[in-house]
Amino acid sequence: MDSYISCCWLVLYLFFGGGSTVTIQGYVGDVVTLTCKYDARHYGTLSVCWGRGHIPNSGCGNEVLRTEGVKVTHRASVRYNLQGDLRAGDVSLTITQAQVKDSGLYGCRVDIPGWFNDQKHHLALVIKPAPETTPEPRIPRESTTVGYPKAPETTPEPWIPRESTTVGYPKVPPDPPRVAIREISARSISVWWSAGIDGNTPITGFHLECKSQSDSWVDGVRGSNILSWKRETAVNDLRPFYTYNIRMFTKNDMGLSKPSNELTITTKEAAPDGPPQDVKLEALSSHSIRVTWRAPELSLQNGLIRGYQLRYGEYSPQERLPVRVVHLMDGSESFTMNSLQEATKYSVTLHTINRAGLGPSSQELVCSTLTNDDQQHMTTTQATTALQTEHSTSTIATTTSSTETWLLVTDSPTQGQRVDDFSTTRALSNSTTDPALSKKSGHLVAILVPVLVLGLLVVMAIIWQFRRTTLKKGNWKILWKNNDFLSFGDSEPAL
């Protein structure tokens with residue numbers, strides 16, 4: 001078992017931690033070079049990164065320098081340079097004015113296309129203090145010139161080495177980064193950035209700030225700290241269809257940089273989170289019910305409201321019955337259901353529609369149409385109001401942007417369902433017929449049908465008389481019996 005574990009560890013080491021380690025020594029103030037090369041004639045120019053410490057599974061930890069082809073895209077300090085021929089694959093790291101703190105393990109990663117193809121090199125750098133040099137003692141000699149005394153013996157002071165990093169390179173806060181948008185969704189924003197000059201000291205991290213457009217940078221700011229080697233992050237838990245401002249700072253040992261460029265971003269729409277409010281039903285007559293409502297709360301709309309979906313049908317607590325679905329896309333907040341059955345209960349639900357889909361359903365409400373007796377009583381006691389109501393209900397119009405269809409509902413619609421395609425529905429007529437007018441039309445039909453039947457009988461009698469007269473005059477070879485054909489002969493049919 002131990003041998004199996006050891007074998008697995010060796011395989012993992014070869015894949016993720018492999019690479020030889022070379023030790024390079026130098027002294028304070030020297031220019032040291034960490035060698036790293038690849039075959040550019042075979043692979044072409046590739047991306048390379050240098051980092052301190054062991055090379056991780058992806059990228060370089062504690063990155064000090066990165067290239068994209070022959071262009072250096074990130075440098076942690078001006079002391080880090082690539083002085084080799086990048087087009088020939090020489091990506092050796094040169095450190096000028098070496099310091100004791102530069103000592104440690106460095107990793108070079110060459111990004112070769114394909115899985116597990118990256119070329120990795122580990123190099124250990126040891127920077128020692130400059131050696132103390134004691135000059136040889138000077139042996140005075142007697143002067144051969146007459147009149148000049150002997151010079152006194154002097155011992156020169158020993159040379160003390162010192163770090164020269166501060167000479168001409170003062171440490172200052174870094175330059176601000178440059179931030180850009182990577183991706184926008186309904187509830188998150190992804191951004192990426194490029195770092196500026198580090199201020200002659202390594203970058204220790206970044207600080208990102210996000211706020212709503214209506215707030216100031218003093219109040220309502222969300223901040224997050226980001227590791228120095230990252231160049232992309234996401235801001236989550238945002239409101240859909242809401243505008244935000246984002247900016248970023250770079251950090252080093254000397255402090256924060258000035259703020260970066262400011263981004264103004266509006267998140268995408270999402271399906272509404274709230275149903276329509278104050279839904280009310282009112283029975284207008286024995287054949288019509290009016291529905292009124294208000295839009296959902298503004299914070300729950302998650303976008304621009306395009307319309308509403310209304311579902312209604314006969315109410316039955318025991319079984320599911322077909323319902324009518326009406327899409328109201330004209331911005332209205334009322335609808336009258338006509339051509340209903342007398343003294344029948346109807347259930348109604350409403351959904352809000354935006355570009356992202358359907359919102360949740362309102363609470364199911366039930367209302368019953370009036371009976372004819374109730375409507376007669378209402379007409380007798382409130383004649384003027386009833387007359388106005390009858391006139392309005394007989395001429396109620398729905399806009400041509402409304403559509404309806406019948407379907408058998410087995411489950412409630414899913415929130416967020418897309419409703420952009422109304423090709424399977426048909427437009428409502430511009431006006432609906434009043435039930436009283438329908439009743440008059442029924443009486444008219446009842447009178448016309450007997451008249452049409454009587455006229456048809458008269459026409460049939462005339463045709464029969466004409467055939468009878470014609471048969472008497474002709475010489476027919478057909479014998480008739482009880483209106484059936486029997487045989488052929490020369491006699492006329494007996495009529």
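Predicted model only: the values in this text are computed from it and were never measured.
Between the CZ atom of Arg66 and the CH2 atom of Trp229 there is a distance of 10.5 Å, given to the nearest 0.5 Å. Rounded to the nearest 0.5 angstrom, Cys367 SG and Lys345 NZ are separated by 10.5 Å. Of the inter-residue distances, the one linking Thr45 atom OG1 with Glu68 atom CD reads 10.0 Å to the nearest 0.5 angstrom. Taken from OG in Ser194 to CZ in Arg178, the straight-line distance is 8.0 Å, to the nearest 0.5 Å. Distance check: Cys108 SG to Trp50 CH2 gives 4.5 Å after rounding to the nearest 0.5 Å. Taking CG from Leu65 and OG1 from Thr73, the interatomic distance works out to 7.5 Å, rounded to the nearest 0.5 Å.
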Please determine whether side chain to side chain contact (heavy atoms under 4.5 Å, CB included) holds for the pair Ile246 and Thr264, giving the CA-CA distance in whole Å, both sets of side-chain angles, and the decisive distance to 0.1 Å.
CA-CA 7 Å; Ile246 292 178; Thr264 301; over 6 Å; no
Checking side chain to side chain contact (heavy atoms under 4.5 Å, CB included) for the pair His207/Met248: CA distance, chi angles, key distance, verdict?
CA-CA 6 Å; His207 182 74; Met248 180 174 282; over 6 Å; no
Take His122 and His54, measure what side chain to side chain contact (heavy atoms under 4.5 Å, CB included) needs, and give me the verdict at the end.
CA-CA 7 Å; His122 288 99; His54 285 283; 3.9 Å; yes
Can you check side chain to side chain contact (heavy atoms under 4.5 Å, CB included) on Cys36 and Val110, steps first, answer last?
CA-CA 9 Å; Cys36 181; Val110 181; 4.2 Å; yes
Start with the C-alpha distance between Lys211 and Asn245, add both sets of side-chain angles, then the distance that settles side chain to side chain donor-acceptor pair (under 3.5 Å), and finish with yes or no.
CA-CA 5 Å; Lys211 70 174 185 66; Asn245 297 125; 2.9 Å; yes
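Counting heavy atoms from C-beta outward, Thr266 and Tyr244 have side chains that stay 4.5 Å or more apart. Annotation: side chain of Ile353 is in contact with side chain of Met329 (closest heavy-atom distance under 4.5 Å). Residues Glu282 and Leu284 meet the side-chain proximity criterion, which asks for heavy atoms closer than 4.5 Å. Residues Arg290 and Thr336 are in side-chain contact: their nearest non-hydrogen atoms beyond the backbone lie under 4.5 Å apart. Side-chain contact between Arg75 and Asn81: present, with at least one pair of heavy atoms (C-beta onward) separated by less than 4.5 Å. Between Tyr312 and Val323, every side-chain heavy-atom pair lies at or beyond the 4.5 Å cut-off. Counting heavy atoms from C-beta outward, Arg222 and Leu238 have side chains that approach closer than 4.5 Å. Taking the side chain as every heavy atom from C-beta outward, Glu333 and Val291 never approach each other to under 4.5 Å.
In Arg294, the CZ atom is crowded: over 12 heavy atoms of neighbouring residues, nucleotides or ligands sit closer than 6.0 Å. Other residues, nucleotides and ligands contribute at most 12 non-hydrogen atoms within 6.0 Å of the CD1 atom of Ile197. Within a 6.0 Å sphere centred on NZ of Lys37, heavy atoms belonging to other residues, nucleotides or ligands number 12 at most. Other residues, nucleotides and ligands contribute over 12 non-hydrogen atoms within 6.0 Å of the CG atom of Asn236.
Arg320 places no side-chain N or O within donor-acceptor distance of the main-chain N or O of Pro317, the cut-off being under 3.5 Å. Listed for the Asp253 side chain is no donor-acceptor partner under 3.5 Å among the backbone atoms of Thr201. A distance-only check finds no donor-acceptor pair linking the side chain of Asp111 to the backbone of Val48 [under 3.5 Å]. At least one donor-acceptor pair under 3.5 Å links the side chain of Ser185 to the backbone N or O of Ser188. A side-chain donor-acceptor contact under 3.5 Å links Thr267 to the backbone of Phe241. Side chain of Asn302 to main chain of Ala271: a donor-acceptor pair is present (N/O by atom type, distance under 3.5 Å, no hydrogens or angles). Side-chain N or O atoms of Arg52 include one that pairs as donor or acceptor with a backbone N or O of Ser103 at under 3.5 Å.
Taking every heavy atom of both residues into account, Pro174 and Ser257 meet most closely at O-CB, 2.9 Å. The minimum heavy-atom distance linking Val32 with Ile127 is given by the pair CG1-CD1, 4.1 Å. Considering every non-hydrogen atom in both Leu34 and Tyr106, the closest pair reads CD1-CG, 3.6 Å. Of all non-hydrogen atoms in Pro113 and Leu46, the two that sit nearest each other are CD-CD2, 4.1 Å. Nearest heavy atoms, Val179 versus Ser260: CG2-OG, 3.3 Å. Considering all non-hydrogen atoms of both residues, Leu365 and Leu281 come closest at CB-CD1, 3.6 Å.
By the 4.0 Å N-to-carboxylate-O rule, Asp273 lies close enough to Arg187 to be salt-bridged with it. Ion pairing of Arg306 with Asp330 is absent here, as no side-chain N (NZ or NE/NH1/NH2) approaches a carboxylate O to less than 4.0 Å. Ion pair Asp102/Arg79 flagged as a salt bridge, since at least one NZ, NE, NH1 or NH2 atom sits closer than 4.0 Å to an Asp/Glu carboxylate oxygen.
The SG atoms of Cys60 and Cys49 sit under 2.5 Å apart.
Using bins of under 30°, 30° to 60° and over 60° for the plane-to-plane angle, the ring pair Trp293/Tyr308 lands in the perpendicular bin.
Judged by the 6.0 Å distance and 45° axis criteria, Arg247 is positioned over the aromatic ring of Trp217.
Side chains of Arg109 and His121: a donor-acceptor N/O pair is absent below 3.5 angstrom, by distance only.
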